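Quick notes on the structure that follows.
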Amino acid sequence: MSELKNEACEACSKDSPLATEEEKRSLGADVPEWRMVTRNGEEQLERTFKFRNFAQALAFTNQVGELAEQEDHHPMLVTEYGKVTVVWWTHKIGGLHRNDFVMAARTDELYAQQ
Ligand SMILES: C[C@H](O)[C@H](O)[C@H]1CNC2=NC(N)=NC(=O)C2=N1
């Protein structure tokens, strides 16, 4: 099984399928720190990362932003003193795609390198 953190986003369109229940269970196991939430009827992956201060939180925010630009797949980012909340979902299909689990794993990898 390939490791999610080593994967890139695959091209997806508005016709791409949402992750199935089995995929969410299996892929979710690879990113156990993330919780699945539903907002406006759309399933999302969310995790809050902790830092010593705002400067570190902002630096991490920018790292995630650069990753998002590289992959053309963008999160919601809430940056506060000492923490950053990252939320991944696929806007064009209104829910979770494999790409969101890949990006969650890639986000974990960025945090592990702090
Ligand atoms: C035109 C551009 O490629 C698309 O709008 C991309 C941009 N980033 C995106 N990010 C996310 N999370 N979901 C999308 O559907 C999406 N679509």
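The figures here come from the full heavy-atom set of this structure, side chains too, leaving out hydrogens, waters and symmetry mates. Counting starts at 1 for both ligands and their atoms, following the listed order. Keep in mind that what you see is a predicted model, and the values were worked out from it rather than measured.
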N-O pairing of Asp108 and Arg47 below 4.0 Å: yes
Nearest-neighbour protein heavy atom for atom 4 (C) of ligand 1, which is reported as residue plus atom name and distance: Lys92 NZ, 4.0 Å
Under-4.0 Å salt bridge between Glu109 and Arg106: no
Nearest-contact summary for atom 2 (C) of ligand 1 - protein heavy atom, Å: Asp72 OD2, 3.6 Å
Proximal ligand 1 atoms for Trp89, defined as those under 4.0 Å from one of its heavy atoms: 11 (C), 12 (N), 13 (N)
Within one Ile-Leu-Val-Met-Phe-Trp-Tyr cluster: Phe101 and Tyr111, side-chain cutoff 4.5 Å: yes
Heavy-atom protein contact below 4.0 Å for atom 7 (C) of ligand 1: yes
Parallel, tilted or perpendicular, as decided by the 30° and 60° cut-offs, for the rings of Phe60 and Phe51: tilted
Closest candidate by heavy atom, reference atom 14 (C) of ligand 1, pool His97, Met103, His91: His91
Lys50 bridged to Glu80 by N-O distance under 4.0 Å: no
Salt-bridge present (Lys24, Glu43; N to O < 4.0 Å): yes
Sub-4.0 Å heavy-atom contact, Trp88 with ligand 1: no
Identity and separation of the nearest protein heavy atom to atom 10 (N) of ligand 1: His74 N, 2.9 Å
